[in-house]
Amino acid sequence: MNILEEYGIRHLSASSINKWMGDRGSWVAQYIYGIKGQMGPAVFRGSAVENGLTAYVTEANEDPLTFARRSYANDIFRQVHGEDFQCSSWQAEIEDICEADDVVAKHYGLIEAMLDQAKTAWDGEELGKPVATQIKTTLWIDGISVPVIGYADFVMDGYCLDLKTTERLPSKPSHMHAIQATGYARARDEQYASLLYITGKKSAHYQLGLDEIRETHADMRQRALGLQSTLRAAYADARGDIAKAREIIAEMCPPDVDSFYWNDRELNEARERITAWQ
């Protein structure tokens, strides 16, 4: 029996495994009960800088900064209004939203400096033109009944590079980011993985070799096995009643209310819908 598919989970991802590591309650809310949180302006800023850098390194027929800003504006507009822009006045629209929301304005204001840093880092490292962008990867992990699917930002000659925008430059790659990057390397049988961190003032390029890939992959596997075993144990306790199994998992994995995975709206919705948390 494919226990993950019994719960309607047809694939995992690095982000889902990371969420299981970071806050199991948040994972249960999203993947067992379908309560998906809204992405914030910081996420849209990251996507915008990536889109701008993509336009730059692929020599697209579009100004990278304009493309990045429009990407951010459209993501924000879609979240506010539930649809994409229907007209060309996106600059006026995002300015109006920024006037009403300081957080949206803050991240919109970071795009230009971060994109400049990304372009400078790319040229300084002489990375050249990528082979492809946003390519889907599929990784099968021994003992896990569904694949781990991801999308690599940039496919280079023999490795994948993932772009991370942050307001504070890390001294080394975060473990969560390493799991994501090495997952691409394992899926594509590559010799190393690459992470490019960007702030508004600095950048850092980290490469993870075969030993780090093996070590991180082993940890990813253990986390995924733990996740799968938890679901199987709940299913067994519920004697095959999937609705009861969901309740048991919720009882086993209460939310960490101090976790960055939650905001008030999402936590209130989860508590309203998940009986075990009421």
Practice item. Would you check, one step at a time, whether the test side-chain hydrogen bond (donor to acceptor under 3.5 Å, both in side chains) holds for Lys201 with Gln117? Key: CA-CA 7 Å; Lys201 297 179 179 180; Gln117 285 294 324; over 6 Å; no
Do [X] and [Y] have side chains that get closer than 4.5 Å, going by heavy atoms?
X      : Y      : result
Leu231 : Ile249 : yes
Tyr72  : Ile76  : yes
Ile35  : Ile274 : yes
Tyr235 : Tyr7   : yes
Leu163 : Leu53  : yes
Tyr151 : Ile149 : yes
Trp90  : Arg69  : yes

Would the distance check show the side chain of [X] and the main-chain N or O of [Y] forming a donor-acceptor pair, the cut-off being under 3.5 Å?
X      : Y      : value
Asp101 : Ile97  : no
Arg45  : Leu110 : no
Glu59  : Lys129 : no
Glu212 : Gly209 : yes
Gln207 : Ser194 : no
Arg221 : Ile141 : no
Thr166 : Leu169 : no
Tyr56  : Ala118 : no
Ser71  : Phe67  : no

Exercise for review: For the pair Glu50 and Gln134, evaluate side-chain hydrogen bond (donor to acceptor under 3.5 Å, both in side chains) and give the outcome as yes or no after the intermediate values.
Suggested key: CA-CA 10 Å; Glu50 180 190 331; Gln134 280 298 306; 2.9 Å; yes
Within one Ile-Leu-Val-Met-Phe-Trp-Tyr cluster: [X] and [Y], side-chain cutoff 4.5 Å:
X      : Y      : value
Tyr192 : Val131 : no
Leu195 : Ile198 : no
Tyr206 : Ile179 : no
Leu267 : Ile32  : yes
Ile3   : Ile248 : no

Between atom [atom1] of [X] and atom [atom2] of [Y], what is the distance when rounded to the nearest 0.5 Å?
X      : Y      : atom1 : atom2 : answer
Ile213 : Tyr184 : CD1   : OH    : 13.5 Å
Asp157 : Glu190 : CG    : CD    : 10.0 Å
Arg232 : Leu225 : CZ    : CG    : 9.0 Å

**Study point:** Between His177 and Tyr197, ring centroids under 6.0 Å
**Key:** yes
Exercise for review: Measure centre to centre between the rings of Phe154 and Trp122, then say whether the value is under 6.0 Å.
Suggested key: yes
Less than 4.0 angstrom from a charged side-chain N to a carboxylate O is my criterion; do [X] and [Y] meet it?
X      : Y      : answer
Glu266 : Lys36  : no
Asp219 : Arg223 : yes
Asp162 : Lys164 : yes

Exercise for review: Flag yes if more than 12 heavy atoms outside Arg239 fall under 6.0 Å of its CZ atom; otherwise flag no.
Suggested key: no
**Study point:** CZ/Arg78: more than 12 non-hydrogen atoms of other groups inside 6.0 Å
**Key:** yes
For [X] and [Y], which I'm curious about, is there any donor-acceptor pair between the side chains at under 3.5 Å?
X      : Y      : value
Asp256 : Trp262 : no
Thr216 : His175 : no
Thr199 : Arg168 : no

Practice item. Can you see which heavy atom on Gly200 is nearest to which on Ala113, and at what distance? Key: O-CB, 3.6 Å
**Study point:** Heavy-atom pair of closest approach, residues Asn2 and Ser145
**Key:** OD1-OG, 2.7 Å
Practice item. For the pair Glu62 and Arg70, evaluate salt bridge (Lys or Arg N to Asp or Glu O under 4.0 Å) and give the outcome as yes or no after the intermediate values. Key: CA-CA 11 Å; Glu62 178 142 23; Arg70 189 173 68 243; 2.7 Å; yes
